[in-house]
K.L.:
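Before anything else, here's the structure in question.
For the single chain, residues carry numbers from 1 onward in sequence order.
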Amino acid sequence: MSEFKKKNTVKNGFLTLVNEIEKLSGQHFDFDSIDNSDLDIREIRRREAIEASKEIAKRRTENHKNFINSVYASHRVNPDYTFDKIQMDQFNNQAINTAQGFCVSSSMAAQMDSEPQLFLLQGNPGSGKTVLSNCIANYFLNKLWKDVELCSYQEIKRFRTPSSTDTTVDVEEKTNKWERLCSVDLLIIDSLCQNNEKITAYDKQVIPDLLRSRRARRLPLVITTTVLPNALHPMLGDEIFESLKEYNVMGAALFGNSRRAPISFAGANLM
């Protein structure tokens with residue numbers, strides 16, 4: 001300790017400390033042999049940036065996988081229905097090709113700031129409208145990394161319809177759900193005018209509001225229906241039909257009867 005006090009510089013103090021460590025460890029440290037000529041701060045920073053970007057990308061991928069799993073866990077989208085697995089035939093090949101084109105063009109429309117896409121899919125009950133809708137939803141989720149909401153029009157209507165029994169919490173929940181419908185990356189309205197139900201005067205307010213809100217945000221939309229194309233305008237009315245025309249509309253039809261397995265009853269198949 002007395003020797004350390006006699007030294008009045010940091011360097012001498014450091015060397016004294018090193019000497020003591022060498023005595024205790026039995027090792028010799030030669031600092032003069034260290035070559036600092038190859039140290040490049042810019043290269044070090046570049047490598048650190050690469051490692052950081054890899055870590056960010058890894059976390060982003062993990063977060064997205066967790067998000068997709070939460071969507072599947074909520075049963076909003078069926079993971080089994082994808083374009084890779086769907087069986088094409090003469091009754092659905094044109095609709096499937098159009099649906100794939102819709103997916104690609106929707107991502108391009110967002111980049112080019114053009115009119116949002118609307119895919120209008122018509123087909124008989126059981127012809128595969130919901131299956132194809134799920135294929136589109138899975139493409140947006142897994143390929144485009146976009147959020148998706150798939151629901152029926154009746155669900156949408158409930159979110160917009162006030163009730164005398166609504167509490168403050170109910171009103172807030174409905175408001176939040178309506179905002180989600182207007183802002184989610186892709187909205188799929190499955191079975192509009194299901195069973196050829198008539199559009200009410202209230203529907204003629206709700207649907208145009210939703211369409212215009214999404215169009216203002218340039219967000220794509222999918223609508224499925226059983227209504228034949230030539231009966232769509234009379235069924236929906238002028239205001240809804242004109243609101244649809246504000247989108248870049250792609251239409252397709254699924255042909256044939258129901259693809260679902262028949263119900264067997266008393267040895268006979270109920271079609």
Side-chain angles (χ1 to χ4, degrees), residues 71 76-78 81 83 94-123 128-160 176-194 197 199 202-229 232-233 235-254:
V71 173
R76 288 158 47 196
V77 177
N78 190 327
Y81 298 143
F83 286 120
Q94 184 265 343
I96 293 174
N97 289 331
T98 305
Q100 290 175 315
F102 164 80
C103 293
V104 175
S105 60
S106 293
S107 61
M108 294 177 61
Q111 297 172 8
M112 297 188 304
D113 197 30
S114 59
E115 295 300 327
Q117 303 291 113
L118 190 156
F119 181 47
L120 187 59
L121 179 63
Q122 188 276 331
K129 298 185 298 300
T130 301
V131 170
L132 190 51
S133 294
N134 275 271
C135 291
I136 295 173
N138 277 303
Y139 186 96
F140 270 72
L141 283 170
N142 294 286
K143 303 294 185 181
L144 302 182
W145 287 37
K146 299 292 186 180
D147 193 6
V148 175
E149 186 69 40
L150 195 161
C151 57
S152 68
Y153 174 65
Q154 294 304 319
E155 292 177 276
I156 295 174
K157 191 174 180 179
R158 283 199 299 271
F159 299 154
R160 198 58 169 171
N176 292 337
K177 287 183 177 179
W178 177 259
E179 175 58 27
R180 172 170 171 77
L181 296 174
C182 294
S183 61
V184 69
D185 295 323
L186 175 66
L187 174 63
I188 301 176
I189 304 175
D190 197 20
S191 298
L192 181 64
C193 300
Q194 189 173 17
E197 293 175 352
I199 293 291
Y202 186 66
D203 296 332
K204 292 179 180 180
Q205 297 177 18
V206 174
I207 298 174
D209 283 350
L210 179 59
L211 293 173
R212 288 166 184 161
S213 179
R214 291 190 61 81
R215 181 191 174 280
R217 305 181 194 201
R218 300 189 180 279
L219 295 171
L221 182 67
V222 174
I223 298 177
T224 74
T225 183
T226 58
V227 180
L228 293 172
L232 198 59
H233 188 173
M235 178 70 76
L236 297 179
D238 290 339
E239 188 171 6
I240 297 177
F241 195 76
E242 290 299 317
S243 298
L244 294 175
K245 289 163 64 176
E246 294 178 357
Y247 286 76
N248 184 9
V249 181
M250 304 173 67
L254 290 165

K.L.:
Below 30° counts as parallel, above 60° as perpendicular, anything between as tilted: where do the rings of His233 and Phe241 land?
P.N.:
parallel
K.L.:
Hey, is the main chain of Leu210 close enough, under 3.5 Å, to the side chain of Ser213 for a donor-acceptor pair?
P.N.:
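Such a contact is absent between Ser213 side chain and Leu210 backbone.
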K.L.:
Do Cys151 and Leu187 make a side-chain contact, defined as non-hydrogen atoms from C-beta onward lying under 4.5 Å apart?
P.N.:
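They are in side-chain contact.
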K.L.:
Donor-acceptor pair, distance only, cut-off 3.5 Å: does the side chain of Thr224 make one with the backbone of Ser191?
P.N.:
yes
K.L.:
Tell me whether Arg76 contacts the main-chain N or O of Val148 through its side chain, where contact means a donor paired with an acceptor under 3.5 Å.
P.N.:
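Yes.
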K.L.:
Are Arg217 and Glu179 ion-paired here, with the side-chain N under 4.0 Å from a carboxylate O?
P.N.:
yes
K.L.:
Return the minimal non-hydrogen interatomic distance between Cys193 and Ile199, and the atom names on each side.
P.N.:
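For Cys193 versus Ile199, the nearest heavy atoms are SG-CD1, 3.7 Å.
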K.L.:
Step through the shown structure and confirm whether more than 12 heavy atoms of other residues, nucleotides or ligands are within 6.0 Å of NZ on Lys157.
P.N.:
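More than 12 heavy atoms, drawn from other residues, nucleotides or ligands, come within 6.0 Å of this atom.
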K.L.:
Show your reasoning for whether side chain to side chain contact (heavy atoms under 4.5 Å, CB included) applies to Phe119 and Ile223.
P.N.:
CA-CA 6 Å; Phe119 181 47; Ile223 298 177; over 6 Å; no
K.L.:
Could you go step by step and tell me if Leu232 and Leu120 meet the side chain to side chain contact (heavy atoms under 4.5 Å, CB included) rule?
P.N.:
CA-CA 11 Å; Leu232 198 59; Leu120 187 59; 3.4 Å; yes
K.L.:
Compare every heavy atom of Cys135 with every heavy atom of Phe83, then report the nearest pair and how far apart it is.
P.N.:
CE1-O, 3.7 Å
K.L.:
Grab the two heavy atoms, one from Gln122 and one from Lys129, that are nearest each other, plus how far apart they are.
P.N.:
C-CD, 4.2 Å
K.L.:
Side chain to side chain contact (heavy atoms under 4.5 Å, CB included) between Val222 and Ile189: does it pass, once the steps are laid out?
P.N.:
CA-CA 6 Å; Val222 174; Ile189 304 175; over 6 Å; no
K.L.:
Contact between Ser107 and Phe140 at the side-chain level, heavy atoms closer than 4.5 Å - yes or no?
P.N.:
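Counting from C-beta outward, Ser107 and Phe140 never come under 4.5 Å.
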K.L.:
Taking all atoms of both residues into account, what is the closest heavy-atom pair of Ser114 and Arg218, and its distance?
P.N.:
O-NH1, 3.1 Å
K.L.:
With a cut-off of 3.5 Å and sequence neighbours excluded, list every side-chain donor-acceptor pair involving residues 244-254.
P.N.:
from   : atom 1 : to     : atom 2 : distance (Å)
Lys245 : NZ     : Glu242 : OE2    : 3.1
Tyr247 : OH     : Leu211 : O      : 2.5
Tyr247 : OH     : Arg215 : N      : 3.2
Asn248 : ND2    : Gln117 : OE1    : 2.8

K.L.:
Is the closest side-chain heavy-atom distance between Glu197 and Gln154 below 4.5 Å?
P.N.:
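SC-SC contact between Glu197 and Gln154 confirmed.
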K.L.:
Treating Asp185 as the side-chain partner and Lys146 as the backbone partner, does any N or O pair qualify as donor plus acceptor under 3.5 Å?
P.N.:
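Not a single qualifying donor-acceptor pair exists.
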K.L.:
Below 4.5 Å, heavy atoms only, C-beta onward: do Ile156 and Ile207 meet side chain to side chain?
P.N.:
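Not in contact.
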K.L.:
Return the CG to CG distance between Leu121 and Leu132, rounded to the nearest 0.5 Å.
P.N.:
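Those atoms lie 5.5 Å apart.
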K.L.:
Please evaluate residues Glu239 and Arg212 with respect to the criterion salt bridge (charged side-chain N to carboxylate O under 4.0 Å, His left out), reporting the C-alpha separation (whole Å), side-chain torsions for both, the decisive distance (0.1 Å), and the verdict.
P.N.:
CA-CA 11 Å; Glu239 188 171 6; Arg212 288 166 184 161; 3.4 Å; yes
K.L.:
Roughly how far, to the nearest 0.5 Å, is the CZ atom of Phe102 from the OG atom of Ser106?
P.N.:
3.5 Å
K.L.:
Run the side-chain contact (heavy atoms from CB on, under 4.5 Å) test against Asn78 and tell me which residues pass, sequence neighbours left out.
P.N.:
Asp80, Tyr81, Asn134
K.L.:
Rounded to the nearest 0.5 Å, what separates atom CG in Leu221 from atom CG in Leu118?
P.N.:
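That separation rounds to 4.5 Å.
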K.L.:
Got a second to check how far Asp203's CG is from Ile240's CD1, nearest 0.5 Å?
P.N.:
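These two atoms lie 6.5 Å from each other.
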K.L.:
Do the side chains of Leu141 and Val71 get nearer than 4.5 Å, heavy atoms only?
P.N.:
yes
K.L.:
So does Lys204 pair up with Asp209, basic N to acidic O under 4.0 Å?
P.N.:
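Judged by the 4.0 Å cut-off on N to carboxylate O distance, Lys204 and Asp209 do not form a salt bridge.
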K.L.:
Residues in side-chain hydrogen bond (donor to acceptor under 3.5 Å, both in side chains) with Thr130, at least two apart?
P.N.:
Asp190
K.L.:
Looking at Pro220, is its backbone amide N or carbonyl O close enough to the side chain of Arg214 to form a donor-acceptor pair, meaning the two atoms are under 3.5 Å apart?
P.N.:
yes
K.L.:
Please report the closest heavy-atom contact between Tyr139 and Val104, naming both atoms and the distance.
P.N.:
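So the two residues come closest at OH-CG2, 4.1 Å.
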K.L.:
Report yes if some heavy atom in the side chain of Asn138 is under 4.5 Å from a heavy atom in the side chain of Val77; otherwise report no.
P.N.:
yes
K.L.:
Phe159 and Arg180: side chain to side chain contact (heavy atoms under 4.5 Å, CB included), yes or no, with the steps?
P.N.:
CA-CA 10 Å; Phe159 299 154; Arg180 172 170 171 77; over 6 Å; no
